[in-house]
Amino acid sequence: MLKIKDLHANIKGKEILKGINLEINAGEVHAIMGPNGSGKSTLAAVLAGREIFEVTHGEILFNGKNLLELSPENRSREGLFLGFQYPIEIPGVSMVNFMKAAVNEQRKYRGLEPIAPSDFLKLMREKKELVEIDSALTNRSVNEGFSGGEKKKNEIFQMAMLEPKLAILDETDSGLDIDALRIVANGVNKLKRPDNASIVITHYQRLLDYIVPDYVHILYNGKIVKSAGKELALELEEKGYDWIKNGE
Amino acid sequence: MANDQDQILNDVTSGDYKYGFVTDVETDIIPKGLSEDVVRLISAKKGEPEWMLEFRLKAYRHWLTMEMPHWAHLEVPEIDYQDIIYFAAPRIKNPNSSEEIDPELRETFEKLGIPLNEQKLLSGFAVDAVMDSSSVKTTFSETLSEHGIIFCSMSEAIRNHPDLIKKYLASVVPYTDNFFATLNSAVFSDGSFCYIPKGVRCPMELSTYFRINAANTGQFERTLIIAEADSYVSYLEGCTAPVRDENQLHAAVVEIVALDNAEVKYSTVQNWYPGDKNGKGGIYNFVTKRGICRGKNSKISWTQVETGSAITWKYPSCILLGDNSYGEFNSVAVTNNHQQADTGTKMIHIGKNTRSHIISKGISAGVSNNSYRGLVKVLKGAENARNFSQCDSLLLGDKCGAHTFPYIEVDNPTAIVEHEATTSKIGEDQIFYCNQRGLSTEDAVGLIINGYAKEVLNKLPMEFAVEAQKLLQISLEGSVG
């Protein structure tokens, strides 16, 4: 589904990603862990197409397409979803309108008619239940005045609505209490299907008690320095990141 | 990053003006220039009674003693008032029959989305269509007259309802009021007149559509709305003009009178030609709008969506004379490219327990300048007056300006006046967030802008709100990158 080959990326002339290689297949959950500043969020942003990062070298194939040639909106319409570490507030724009616009853009891209209003409301209701998000939240403006936990749940709700092929969750666990963490993780687990995949970026092992990854990668200083099964996360928890740093 | 963002803003806000066509219609035009003779000629062309001519002449003579105001935060090039044509009327083949209108004119208004055929009109809307100096057609007049409502062109009102005109014309905006209002009083050519009798709730939205067509002409329309005790009316106004290299002057006057318990809602979607990307051409929109809540418990609300005009100078105001009366001003003003706007309101609290509410949302893009100027004045006798003002500015890009000039004068210690102001920028992160959910940058900007302006757009009648939303987006096309 996703193939990243020798990816290098800069911000303002400073190299952050220094040769990432990663392959993700349908049905898999990959966790990317690493200390602060290792390039985790940069990798997520580059995948989503944020323009402040300049890709200087490498290739990314997403379902056979050259991802780097696609605009951020077309990456989304192709089925790539980014759950933001810091979801953005858009005052005055209701979640309902925002989601309707998003769903319809995706449908249009795929040659489908806009969704019927009654079907849309039904879809909203189903997904709200699935991710256990409070009904009132979707009547409010996008993320406006949401608590940290509500914002993160709202990201999972949007993911449920858009049914991405590849979801990248950027530190979705940061700032969450244990209940919110459980809800977010449950959402992710329920949305897991044999034909989609996810990348869970996290600093702590804690989230991986709830979302069990097939692979764990450790990103350090712009490179993946270690990849293994889920046991790697536990090892990391035990030994801390210094173990990786010292190994360099 | 800042540059990328400006590029986005720039791309999204350089869309084209969609109403810039010219109608080829036979037009009755008088020579350029302004003099007593021209004022007499206009009056004669309209077949006006002597008293109306006298009013115009008084105004004209007063105007000669006045100077153009320069206090606004605007750079207005020198206007040569002798270089303007003060009367241009499309020749109507049979002016006495309201059934027959020139197919060219009908087509023009249809292109603008204003069908003059009653069957085709949105149900619940009556329209007075004004092109250049003349009213072309007023729809549903007969239906309305069954309720005792008078809705006609100002010219017709002067002929058929002289008592009402004599009583109310210039009663809110006197002919000496200000440079542009005085000029309008001398040369106004047409406009709409609306009278709602006591106890009548107007069953449909009344609207006037103003269209400038002829070149080198000024448009000087005059609108008067009278709501008798216990009546209600909602009134809408829309404006467009062709694309031209030279600037054209539009100096209108609108007066509203609300008596006991009456309510008048006045909504404007102003989309005069704003000039091209380099600031060439466009309408100078110098307008005086004022309402008086003369009766107890009366209400006047102004809602405006201002996207057009090269220069806008406009302060729809409320004089809150009756006890417990209420004034409201809701505004979205967009400036892009080289547009300039200095707009806001005046709320004059005279009666007891009078209240006013102001929401102003400025949006600036390109190299434009957008100013809010407002006055809240509480007079000595205005016990328990209340005002709340909220002035927000949104900047797209870093070459535009947003300014706020709130004036507050309070002469009664029981008054409570509140003012809130914010300034923000559309963030690249907001746009990216929308992009990531599949929305194009243009749609994202439209969504964000409409969210920002929602409080005001919600005040517009449904059909207008939808149009206004689209218009906001179009006006800013090419301004976000």
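The figures that follow rest on heavy atoms only: side chains count, while hydrogens, waters and symmetry mates do not. In what follows, chains are A, B, ... by sequence order, proteins preceding strands, each numbered from 1. This is a predicted model, so every value here is computed, not measured.
- One distance of note links CZ of A/R50 with CG of B/N435; it measures 9.5 Å at 0.5 Å rounding.
- Separating the CD atom in A/E89 from the OH atom in B/Y433 is a distance of 10.0 Å, to the nearest 0.5 Å.
- Note: A/F84 CZ to B/D429 CG = 8.5 Å, rounded to the nearest 0.5 Å.
- Nearest approach of B/G438 to A/S76, heavy atoms of both residues: N-OG, 3.1 Å.
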Step by step, work out the side-chain contact (heavy atoms from CB on, under 4.5 Å) result for A/V93 and B/K454.
CA-CA 8 Å; A/V93 176; B/K454 190 160 90 177; over 6 Å; no

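- Salt bridge present: B/R437 and A/E155 bring a charged side-chain N and a carboxylate O closer than 4.0 Å.
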When you look at A/I90 and B/C434, which way does the side-chain contact (heavy atoms from CB on, under 4.5 Å) test go after all the steps?
CA-CA 9 Å; A/I90 310 178; B/C434 295; 3.6 Å; yes

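- Counting only heavy atoms from C-beta outward, the side chains of B/S440 and A/E73 approach each other to under 4.5 Å.
- The CG atom of A/N143 sits 10.5 Å away from the CD atom of B/Q430 when rounded to the nearest 0.5 Å.
- When all heavy atoms are compared, the tightest approach of B/E428 to A/I52 is OE2-CG2, 4.4 Å.
- The shortest distance between side-chain heavy atoms of B/D443 and A/E105 falls below 4.5 Å.
- One finds the CG atom of B/N450 at 10.0 Å from the CG atom of A/N97 (value rounded to the nearest 0.5 Å).
- A/P72 has its side chain within reach of B/F432: a pair of non-hydrogen atoms, C-beta onward, lies under 4.5 Å apart.
- Atom NZ of A/K128 sits in a crowded spot, with more than 12 heavy atoms from other residues, nucleotides or ligands closer than 6.0 Å.
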